[in-house]
Amino acid sequence: MGKRLDDDPALYFSTHVFVCGNRRPEGHPRGCCASKGSEKIRDYMKARVKELGIEGVRVNQAGCLDRCELGPCAVLYPEGVWYKLDSFEAVDEVLEKHVQAGGRVKERMLP
């Protein structure tokens, strides 16, 4: 796994959130994050970051993150921590405890 080197440029975003927006055909055995509401979750998270005035955070939609059965999911970098974001409450918790306070929301983390 890669690591940052001392002479790397500074991070452009302090936190980069990728929310899975993959959509599979209905009835697919693995399911998909989009059918579980990930698009609304992403839109809510983007709006909350602005409302809360959190700087240095970018929320993006990603293609398949390959954890479909556990979704809707998101991964936060640079830490590489994965979360199940299945409600607006989950988003608020992750923004407050992980992004703003630098901790983790253990009960929402993916294994």
Side-chain angles (χ1 to χ4, degrees):
M1 185 175 289
K3 67 176 186 167
R4 293 192 50 78
L5 302 177
D6 291 338
D7 60 347
D8 284 348
L11 295 174
Y12 191 75
F13 299 110
S14 57
T15 303
H16 205 148
V17 182
F18 293 94
V19 180
C20 183
N22 190 51
R23 185 173 297 282
R24 287 200 165 98
E26 197 168 318
H28 190 283
R30 292 190 69 198
C32 69
C33 289
S35 71
K36 298 173 187 172
S38 67
E39 292 160 337
K40 288 180 182 177
I41 291 292
R42 180 207 60 231
D43 291 346
Y44 177 80
M45 188 174 226
K46 286 177 83 157
R48 287 296 288 157
V49 165
K50 284 184 181 180
E51 286 173 16
L52 296 169
I54 305 172
E55 295 188 13
V57 175
R58 175 72 178 176
V59 179
N60 281 103
Q61 177 172 312
C64 184
L65 294 174
D66 203 29
R67 302 193 80 181
C68 316
E69 299 85 357
L70 303 173
C73 64
V75 58
L76 282 67
Y77 288 106
E79 302 90 351
V81 174
W82 292 77
Y83 287 105
K84 179 174 186 165
L85 298 179
D86 57 355
S87 67
F88 295 158
E89 178 185 77
V91 170
D92 288 337
E93 263 190 294
V94 168
L95 289 176
E96 178 186 328
K97 295 178 183 174
H98 183 122
V99 175
Q100 292 181 302
R104 301 293 181 266
V105 186
K106 296 280 188 190
E107 61 275 8
R108 299 199 185 275
M109 289 172 66
L110 294 181

Same apolar cluster (I L V M F W Y, side chains within < 4.5 Å links), [X]/[Y]:
{"X": "Y83", "Y": "L65", "value": "no"}
{"X": "V17", "Y": "V49", "value": "yes"}
{"X": "V94", "Y": "V75", "value": "no"}
{"X": "L85", "Y": "M109", "value": "yes"}
{"X": "V57", "Y": "V19", "value": "yes"}

Who are the salt bridge (Lys or Arg N to Asp or Glu O under 4.0 Å) partners of [X], not counting sequence neighbours?
{"X": "D8", "answer": "none"}
{"X": "R48", "answer": "E51, D92"}
{"X": "E69", "answer": "R30"}
{"X": "E26", "answer": "none"}

Rounded distance [0.5 Å steps], [atom1] in [X] versus [atom2] in [Y]:
{"X": "L52", "Y": "L95", "atom1": "CG", "atom2": "CG", "result": "6.5 Å"}
{"X": "I41", "Y": "C73", "atom1": "CD1", "atom2": "SG", "result": "11.5 Å"}
{"X": "E107", "Y": "K84", "atom1": "CD", "atom2": "NZ", "result": "13.5 Å"}
{"X": "L110", "Y": "R67", "atom1": "CG", "atom2": "CZ", "result": "5.0 Å"}

Going by side-chain hydrogen bond (donor to acceptor under 3.5 Å, both in side chains), name the residues that satisfy it together with [X], two or more places apart in sequence or in a different chain.
{"X": "R108", "answer": "E89, E93"}
{"X": "R24", "answer": "none"}
{"X": "R104", "answer": "none"}

Just jot down the side-chain contact (heavy atoms from CB on, under 4.5 Å) partners of [X], sequence neighbours excluded, or say none.
{"X": "K36", "value": "P72"}
{"X": "L11", "value": "R4, P78"}
{"X": "D43", "value": "none"}

Is any side-chain heavy atom of L70 closer than 4.5 Å to a side-chain heavy atom of W82? no

Scan residues 26-63 for pairs that pass ring-ring contact (aromatic ring centres under 6.0 Å, His included), counting only residues two or more places apart or in two chains. Y44-F88

In the hydrophobic cluster built from side-chain contacts under 4.5 Å, what are the other members alongside F13? Y12

Can you see which heavy atom on C20 is nearest to which on C64, and at what distance? SG-CA, 4.0 Å

